[in-house]
Protein chains: 2
Amino acid sequence: MSPVFPLILERVRDERRATPRRERSDSVRNRERLLSAARELFAAEGLQAPLDRIATAAGVGPGTLYRHFPTRSALWEAVLEEPLLAQLALVDRALADPDRWAGVAGYILETCALEAERGGYLNLMTTRFDDAPRLLEIRTRIQRRIVELFSRARAEGAIRPDFTTEDLLFITLSNSRVAEVTRDVAPRAWRRNAQLFLDSLRPERAHPLTEPPLKPSDVARTMMTRPTARRPD
Amino acid sequence: MSPVFPLILERVRDERRATPRRERSDSVRNRERLLSAARELFAAEGLQAPLDRIATAAGVGPGTLYRHFPTRSALWEAVLEEPLLAQLALVDRALADPDRWAGVAGYILETCALEAERGGYLNLMTTRFDDAPRLLEIRTRIQRRIVELFSRARAEGAIRPDFTTEDLLFITLSNSRVAEVTRDVAPRAWRRNAQLFLDSLRPERAHPLTEPPLKPSDVARTMMTRPTARRPD
DNA sequence: GTTATAACGGAGAGGTGTCTCCGGTATTCC
DNA sequence: GGAATACCGGAGACACCTCTCCGTTATAAC
């Protein structure tokens, strides 16, 4: 056992590390499968769908899922960026509409549709994304644009003056709950709920709200429970 | 071993069966404790609160809980009759109000309050009570009265003409969700949501709803999942 | 007291879900 | 083709919840 051989092997290993090995084909394939299964199950059963079931649906073992996505948040980041960006695009379109009411009403209906309709993800806007900074960042951008959208509408009298962006929490929660419950029974029922809500938004003959609005910090604290099912420590 | 003794014992046993033994004091005490713990946990954590935790909170073993209340439904029947009757009383009061709008608006606000406020039970009106016929029966009575309340209000133009009692599902779901999420953060926030909803009910603010109303059978099918946690067979 | 027994409560089986470890294998590189 | 190793996937630990069985105990009746 001369010391020479180990040294050579050492060098070889270092070279390998410098030019990293190509990603294994089965790894790539499995990641794709996992993402596709996750998209499907998150849409069908909600963002809390059991990870094991996602692994099974993807045809891999649980170990493989956890290697690719160590936490639920990691999987969320990979899956939910796209729909969140779609949401962002919606606000932008709404902001571009010169008709303020049309902008606001259209935004609400479309964002509800995005969550409620088949293949849409429920609770996208009300789930904690603590460990998913990318998602959080997009949502922050969305929220800033929403504030802009509604303050313009309010300033121009397109909506009732006492409506705040925090009040959007109500339609968001309401829509996801209604959609969840009526999906299989009356898949378009959420629209009626949203249309009713729109009528409560209109400026004409609005009756004053005696209950003060939520503070933004309160809204933040209503976000849905932890991303993994693990108990709090 | 003469056959006489057994015969006497037999008679004694029969007499005992005729005059049943008094209920044991510890049994009574434990039932009270269980009910009180159940009231508390159902209110604090929802109607699906773990039965084991209820047993623990009552200071008894799980066996004792299941002996007194073999199913979750049995416990629900013992605990939820009272609040459902309170709900019934609310509709009756609303029906008695000669001012139709006041009746309807009052009913909605008060029923929301009943569910949302500390010690109230969430989802009382949207949980399946399949194995709790007494609760089911009360709820049916409530629903009949509600139909009466709203059809009068509609007939007299106190609310928008296209609003159906099935649409109440929306405020019910919305209120319980909002309450659930804001309870610890802004315990009165549900009121603002309800007030907004009321404005969508007013006839003078109504814009036509393009989405048709739910059918009563659809509403029935939106009821929340099974009473026990056991998987469906 | 004594006795019969109803009620207790905890151990544990069975189910679901999260997450890890590790022996075996498939893939890449040469 | 062979060697090195990254990746696989299942077994299994842990946690939570439901529900039952059964040896022990408390209570009521006498």
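In this structure, the CZ atom of B/Arg72 is 11 Å from the P atom of D/dC17, given to the nearest Å. When the C1' atom of D/dC7 is taken as reference, atom CZ of A/Arg67 falls 5 Å away, rounded to whole Å. We find that CD of A/Glu23 is positioned 15 Å from C1' of D/dT5, with the value rounded to whole Å. As rounded to whole Å, 17 Å separates atom P of D/dT25 from atom CG of B/Asn30. Taking atom CG of residue B/Asp26 and atom P of nucleotide C/dG9, one finds them 8 Å apart after rounding to whole Å. Atoms CG (B/Asp52) and C1' (C/dA11) sit 13 Å apart, rounded to a whole Å. Across the protein-nucleic acid pair, A/Arg33 atom CZ and D/dC8 atom P stand 11 Å apart, rounded to whole Å. Rounding to whole angstrom units, OH of residue A/Tyr66 and P of D/dG9 are separated by 15 Å.
Checked by distance alone, B/Arg24 brings a side-chain donor or acceptor within 3.5 Å of a matching partner on the base of C/dA6.
Electrostatic pairing of A/Glu23 and A/Arg31 counts as a salt bridge here, judged by a charged N lying under 4.0 Å from a carboxylate O. For B/Arg192 and A/Glu166, the salt-bridge test fails: no basic side-chain N is under 4.0 Å from an acidic carboxylate O.
Among the heavy atoms of the strands lying under 4.0 Å from A/Pro62 is at least one base atom, whether or not backbone atoms are also near.
A/Glu148 CD: more than 12 foreign heavy atoms inside a 6.0 Å radius. The environment of B/Glu40 atom CD is sparse: at most 12 non-hydrogen atoms of other residues, nucleotides or ligands sit within 6.0 angstrom.
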